[in-house]
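Heads up: the structure comes next, in structure tokens.
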Amino acid sequence: MPFTRTVLRPFALAAAALFALACGDGDDPLSPPRAVAEVDVDVASTRIIVGETVTLVATPLDEDGEPLLDRPVTYVSSDLRLASVSATGVVHALADGEVEITVASEAVATRVAFRIDPVPAASIELAGVATDLTEGETSLLEAAVLDADDMPLPGRVIMWTSDDVAVATVDAEGMVRAVSEGSTTIRARHADLQASATITVRPDWIADLLYEAHDGTSTFPFLFWFDPRVSPVATAKVLPFAGARQVAPSPDGSRIAFTCDVAICVADRDGTNIDVLTDGELSYEDSPSWSPDGERLVFRRWAQGGSAELAEPTDLWVMNADGTEQANLTNDASSQGDPAWSPVRGDGGTRIAYRQVALVDGYVVNRIFTMRADGTDRRAETSDAVNASEPGWTPDGARLVYVQDGGEASADLWMVTVGEGNAQPLTAPIAGEQRGPVVSPDGRHVLFTSSHEAVEGVGLFRQLFTVRIDGTGLKRRTSDGEDKENPAWRVRP
């Protein structure tokens with residue numbers, strides 16, 4: 001037992017010895033009382049837990065080891081922050097650490113060293129975090145260490161970690177910060193205990209998603225939209241009638257252009273104030289695309305009765321956003337389609353990307369071309385060894401994402417730098433066909449449709465997917481039993 005006896009009375013002992021020699025036996029009633037030579041201390045344990053008490057049983061002894069029960073005993077704690085001790089020797093553990101209790105009688109003292117341990121932790125409880133966060137959002141995750149009675153144990157050190165810091169980080173105080181889309185587990189640890197929470201991060205996109213699909217009431221599709229930040233996805237119709245196709249939101253999101261039957265129409269973003277810009281009496285029009293300033297539209301036109309493919313020439317036309325000043329940009333014997341007007345490029349100009357159909361060695365080949373907004377400087381951007389279609393621009397106007405068939409691809413997504421011809425796959429080959437790729441306004445994601453992944457309880461239907469611009473993070477965005485086509489981004493005003 002870690003006791004230390006301290007004798008504090010050399011002068012008193014000497015005086016007592018001389019008095020005994022002069023006056024006779026110690027049993028003589030006239031002899032002085034026996035002095036305390038040792039303080040014996042008995043204690044159940046010198047290692048206790050915060051909040052517990054233990055009693056010191058102190059017995060003063062003379063030099064022959066005989067108890068001196070009539071002698072007073074005092075108790076003193078070396079650190080009252082760690083332990084207190086009563087006049088009767090009851091030690092109360094207040095905080096963890098090492099402390100000494102001095103037990104004294106007359107001039108003799110014994111020191112008892114105690115080790116005080118913290119209350120054992122039994123569990124960790126988490127509270128206060130939102131399980132769904134938007135990129136850039138923060139939320140404080142609170143952790144409480146509990147004892148066996150589910151009482152909080154304040155002051156316990158907790159270590160915080162994230163399984164995937166690319167999705168969400170957490171600091172030493174439990175503040176969670178959403179970094180990028182995905183899911184990760186945040187863990188709080190204390191000793192060998194831990195608790196965890198799964199965090200889902202949703203994209204902080206500045207745009208809604210639009211597409212066309214049937215609703216089960218019509219043979220013609222409706223235009224739908226939804227906010228990808230909201231879960232679960234709640235879709236709504238852009239227009240109250242069926243038959244609208246190939247929606248193209250204006251660059252500022254305030255208007256939409258779309259194919260209405262065989263003509264080009266425009267409307268406000270909420271589907272009101274509809275205007276028909278082309279009459280469709282002598283020709284058919286479809287596939288509208290806005291200029292970056294929102295002042296003009298490029299579209300495809302072909303003669304009534306034509307096939308809109310190789311058998312009949314189809315041209316790309318341009319007009320003002322009110323339908324005036326219509327002009328043919330291509331006006332040749334080729335068949336063009338899928339026009340996409342670029343954002344303002346590094347040189348301050350714009351280009352229009354499109355698909356051109358041609359016969360090469362007896363085979364029908366689709367290639368991606370670009371031209372200036374006045375129809376000049378036409379350049380092939382993809383090889384005639386593959387079929388390429390449905391181009392979509394990156395926000396800087398430097399690259400095109402498109403659908404490629406042939407060679408290593410089977411309707412997969414590819415990307416090419418305009419003017420360089422360095423076509424590369426955007427994604428690894430995916431089963432089925434990928435269609436309608438469009439790059440998000442912030443350039444971070446590509447939206448497209450695909451039926452490569454079955455939805456549980458629904459089956460294989462063409463759904464909306466996104467993939468990061470670097471080809472990672474493939475994710476399905478819809479999960480219902482309707483095929484979807486011609487997706488688009490619409491920025492919020």
Side-chain angles (χ1 to χ4, degrees), residues 248 287 289-292 298 300 316 329-330 334-361 363-373 375-430 432-450 452 465-474 486-489:
S287 305
S289 177
W290 295 84
S291 63
V298 62
R300 180 174 71 162
L316 300 184
L329 294 179
T330 51
S334 301
S335 181
Q336 280 77 219
D338 304 340
W341 208 318
S342 79
V344 176
R345 291 164 42 83
D347 60 4
T350 64
R351 294 185 72 83
I352 295 172
Y354 60 98
R355 170 180 57 90
Q356 185 181 87
V357 186
L359 280 174
V360 177
D361 297 329
Y363 293 94
V364 177
V365 175
N366 290 270
R367 288 187 294 173
I368 301 297
F369 277 73
T370 64
M371 61 182 173
R372 293 195 181 105
T376 63
D377 188 29
R378 301 179 195 179
R379 302 187 307 217
E381 304 292 350
T382 61
S383 165
D384 59 10
V386 295
N387 281 299
S389 61
E390 302 179 73
W393 292 92
T394 56
D396 58 3
R399 294 177 293 171
L400 289 166
V401 177
Y402 62 95
V403 177
Q404 179 167 306
D405 288 288
E408 300 176 6
S410 177
D412 287 314
L413 303 186
W414 282 59
M415 181 176 288
V416 65
T417 302
V418 174
E420 295 186 8
N422 57 349
Q424 298 290 329
L426 174 64
T427 59
I430 301 174
E433 294 185 344
Q434 287 44 256
R435 293 296 178 192
V438 280
V439 184
S440 61
D442 60 10
R444 296 163 54 201
H445 293 82
V446 178
L447 174 67
F448 63 99
T449 68
S450 176
H452 74 274
F465 285 79
T466 59
V467 66
R468 296 190 185 102
I469 198 68
D470 63 1
T472 64
L474 179 66
N486 298 315
W489 303 87

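Everything numeric here is computed off the predicted structure, so don't read it as measured data.
Here the straight-line distance linking atom CG of D470 with atom OG1 of T427 works out to 11.5 Å at 0.5 Å rounding. Atom CD of residue Q356 and atom CE of residue M371 lie 10.0 Å apart, to the nearest 0.5 angstrom. Between atom CG of residue L316 and atom OG of residue S335 there is a gap of 9.0 Å, rounded to the nearest 0.5 Å. We find the CG-CG distance between D338 and N366 to be 8.0 Å, quoted to the nearest 0.5 Å. Between the CG atom in N486 and the OG1 atom in T449 there is a gap of 8.0 Å [rounded to 0.5 Å].
Classification of the F465-H452 ring pair by plane angle, with boundaries at 30° and 60°, yields tilted.
Remark: side-chain polar atoms of R367 are not paired, donor with acceptor, to backbone N or O of A380 under 3.5 angstrom. In terms of modelled atom types and a separation under 3.5 Å, the side chain of Q434 and the main chain of S450 share no donor-acceptor contact. Remark: side-chain polar atoms of D412 are not paired, donor with acceptor, to backbone N or O of P425 under 3.5 angstrom. With hydrogens and angles disregarded, a donor-acceptor distance shorter than 3.5 Å links the side chain of W393 to the backbone of A340. Judged by distance alone, with hydrogens and angles left aside, the side-chain atoms of E381 form a donor-acceptor pair with the main-chain N or O of G419 at under 3.5 Å. Side chain of S440 to backbone of H445: a donor-acceptor contact under 3.5 angstrom is found. At least one donor-acceptor pair closer than 3.5 Å links the side chain of W290 to the backbone N or O of A248. Listed for the R378 side chain is a donor-acceptor partner under 3.5 Å among the backbone atoms of T330.
R444 has a carboxylate O that lies under 4.0 Å from a charged side-chain N of D442, or vice versa, which qualifies the two as a salt bridge.
At least one side-chain heavy atom of W341 sits less than 4.5 Å from a side-chain heavy atom of I352. Here the side chains of T350 and S291 are not in contact, with every heavy-atom distance at 4.5 Å or above. Under the 4.5 Å side-chain criterion, counting only non-hydrogen atoms from C-beta, L426 is in contact with V467.
Taking every heavy atom of both residues into account, V438 and P487 meet most closely at CG2-O, 3.7 Å. S334 and V357 make their closest contact through CB-O, 4.5 Å (heavy atoms, listed as atom of the first residue, atom of the second, distance). Between R435 and A411, the shortest heavy-atom contact is NH2-CB, 4.2 Å. Shown here for V446 and V439, the closest heavy-atom pair between the two residues is CG2-CG2, 4.2 Å. P339 approaches S287 most closely through the heavy-atom pair CG-O, 3.3 Å.
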- request: For side-chain contact (heavy atoms from CB on, under 4.5 Å), just list the numbers for E433 and D405, CA-CA rounded to whole Å, side-chain angles, deciding distance to a tenth of an Å, and then say yes or no.
  value: CA-CA 9 Å; E433 294 185 344; D405 288 288; 5.5 Å; no
D384 vs Y363, side-chain contact (heavy atoms from CB on, under 4.5 Å): CA-CA, chis, key distance, verdict: CA-CA 10 Å; D384 59 10; Y363 293 94; over 6 Å; no
field: Test log, rule side-chain contact (heavy atoms from CB on, under 4.5 Å), inputs R300 and Y354
entry: CA-CA 10 Å; R300 180 174 71 162; Y354 60 98; over 6 Å; no
task: Determine, step by step, whether N422 and V416 satisfy the side-chain contact (heavy atoms from CB on, under 4.5 Å) criterion, reporting the C-alpha distance in whole Å, the side-chain angles of both residues, the deciding distance to 0.1 Å, and the verdict.
output: CA-CA 6 Å; N422 57 349; V416 65; 4.0 Å; yes
Side-chain donor-acceptor distances from residues 395-403 under 3.5 Å, at least two apart:
{"unit_1": "D396", "atom_1": "OD1", "unit_2": "T394", "atom_2": "OG1", "d": "2.6"}
{"unit_1": "D396", "atom_1": "OD1", "unit_2": "A398", "atom_2": "N", "d": "3.0"}
{"unit_1": "Y402", "atom_1": "OH", "unit_2": "Q404", "atom_2": "OE1", "d": "2.9"}

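With sequence neighbours excluded, the residues that form a ring-ring contact (aromatic ring centres under 6.0 Å, His included) with W489 are W205. For R372, the salt bridge (Lys or Arg N to Asp or Glu O under 4.0 Å) test picks out D377, with sequence neighbours left out.
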